[in-house]
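Below you'll find the structure, written out as structure tokens, and then a few comments.
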Amino acid sequence: MPKAQETVLEINLKALQQNFEHLKSKLLPNTKFLAVVKAFAYGSEACKIGNFLQDLGVDYFAVAYISEGIALRKSGVSLPILVLHPQKVNFKSLIEHELEPSLYNRKIIKEFIDLTTKEKITDFPIHIKFNTGLNRLGFSKSDVGFILEQVKNTKTVKVASVLSHLAASEDLNEKSFTLNQIETFKQIADSLTADLDYNPMRHICNTSGILNYPEAHFNMVRSGIGLYGFGNSEKENQFLTPVSTLKTVISQIHHIEKGESVGYNRGYISEGILKTATLPIGHADGIGRQYGNGVGFVTINGKRAHIIGNVCMDMIMVNITNIDCKEGDEVIVFGTNPSAETLAANANTISYELITSISQRVKRSYIK
Ligand SMILES: *Cc1c(COP(=O)(O)O)cnc(C)c1O
């Protein structure tokens, strides 16, 4: 790889392929694989990644919002796309782009069927989402009768799948809670399908569900973070490779005397002689202020350089007092080592937040 000459997020498509193959190897041959590409494919780049995964043979995609699904369609994705959190205001464009809504309460299912009826559509695929313990989105068990009434009363929609979402699939201390969610899901799905003359797919597992609950794969699994290289445990991380590496460069080096300050609000006051490097990456690029004042670090020529003072909008200053480096040298923010998970843990957050925060201003480049 040529050395970075500006801030860039390098995306390793080979690693993406290997992660996909590893996750796929955990499934029975007939279990479908849904790739979650919401939030710009967790900060990498949804359209490029979507088309790459489509060619690799995933079965389904999911996004959070309708606008994300439209972007995928416009880039050439033709596989089914599940929209996890649609809103009525965009239903017309959802239908127009053949996106499939996850419907989660009485209000939204009625609104959707009203529209499909008005538009005289037949068999539009819908997905019924149940709440089994996360208490975020989803119908409850007591809604089954209502749902059946709605869908059996119309030819405009067809239930393509029944789904739920696990609250703590990565936490083995919560195993009994998770097993209870899975059991509740089974019962609900059984009671819904008992009264339908066709059999919708069932799915409940996210990445950690795939890895920890093979008995709950049902007809399809939904993987996001695993595809991007994080297994939510040291054991699983061994088999996955982070797909993206965030790189930047040294713009300027400063020699700081004892008593001088560095950065806004004099966030750091030097206790001795110090060498700092200024880097063209800041909170507007996704390195939040919580990484400032020594919490976050970057790697320069193999050595850790901690952030000094406050994170600025477009820059950070790092401590390079004991590092042999010069202006123009490449800087690694995260990648395979240290991973985004390690850096995020320093700021008491998780890989998901750090990687999805890398803003659209940062250039993306791809390695095959
Ligand atoms: C984001 C999301 C996923 C993907 O979860 P990962 O832990 O990233 O694999 C799956 N299902 C739903 C409903 C989600 O919101």
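For reference, positions follow the sequence shown, starting with 1. We count ligands from 1, going down the list as the structure has it; atoms in each ligand are counted the same way.
When only non-hydrogen protein atoms are considered, atom 4 (C) of ligand 1 lies nearest to Y42 OH, 3.3 Å. Considering only non-hydrogen protein atoms, atom 9 (O) of ligand 1 sits nearest to T207 OG1, 2.5 Å. At the shortest separation from atom 5 (O) of ligand 1 among protein heavy atoms lies N206 CB, 3.4 Å.
Proximity to V36 (heavy-atom distance under 4.0 Å) selects the following atoms of ligand 1: 3 (C), 4 (C). Every atom of ligand 1 with a heavy atom of Y352 under 4.0 Å away is listed here by number and element: 6 (P), 7 (O), 8 (O). Residue contact check: R136 has heavy atoms under 4.0 Å from atoms 15 (O) of ligand 1.
Aromatic pair F52/Y366: centroids not less than 6.0 angstrom apart.
Between H306 and F297, the ring-plane angle classifies as tilted under the 30° and 60° cut-offs. Ring geometry for Y65 against H85 counts as tilted: the plane angle lies between 30° and 60°, on a 0 to 90° scale.
Under the ring pair (Phe, Tyr, Trp, His ring centres under 6.0 Å) criterion, Y42 pairs with Y228, not counting sequence neighbours.
When only interatomic distances are considered, the shortest N/O to N/O separation between L84 and ligand 1 does not fall below 3.5 Å.
For atom 15 (O) of ligand 1, the candidate residues are H165, R222, H85, K38; the nearest heavy-atom contact is made by K38.
The existence of a salt bridge linking K92 and E96 is excluded, since no basic side-chain nitrogen approaches an acidic carboxylate oxygen closer than 4.0 Å. Using a 4.0 Å cut-off between charged nitrogen and carboxylate oxygen, K247 and E330 count as a salt-bridge pair.
Residue H203 places every heavy atom at 4.0 Å or more from ligand 1.
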Practice problem: Decide side chain to side chain contact (heavy atoms under 4.5 Å, CB included) for F139 and I109; before the verdict, give the C-alpha distance in whole Å, the side-chain angles of both, and the deciding distance to 0.1 Å. | Solution: CA-CA 10 Å; F139 285 105; I109 196 174; 4.0 Å; yes
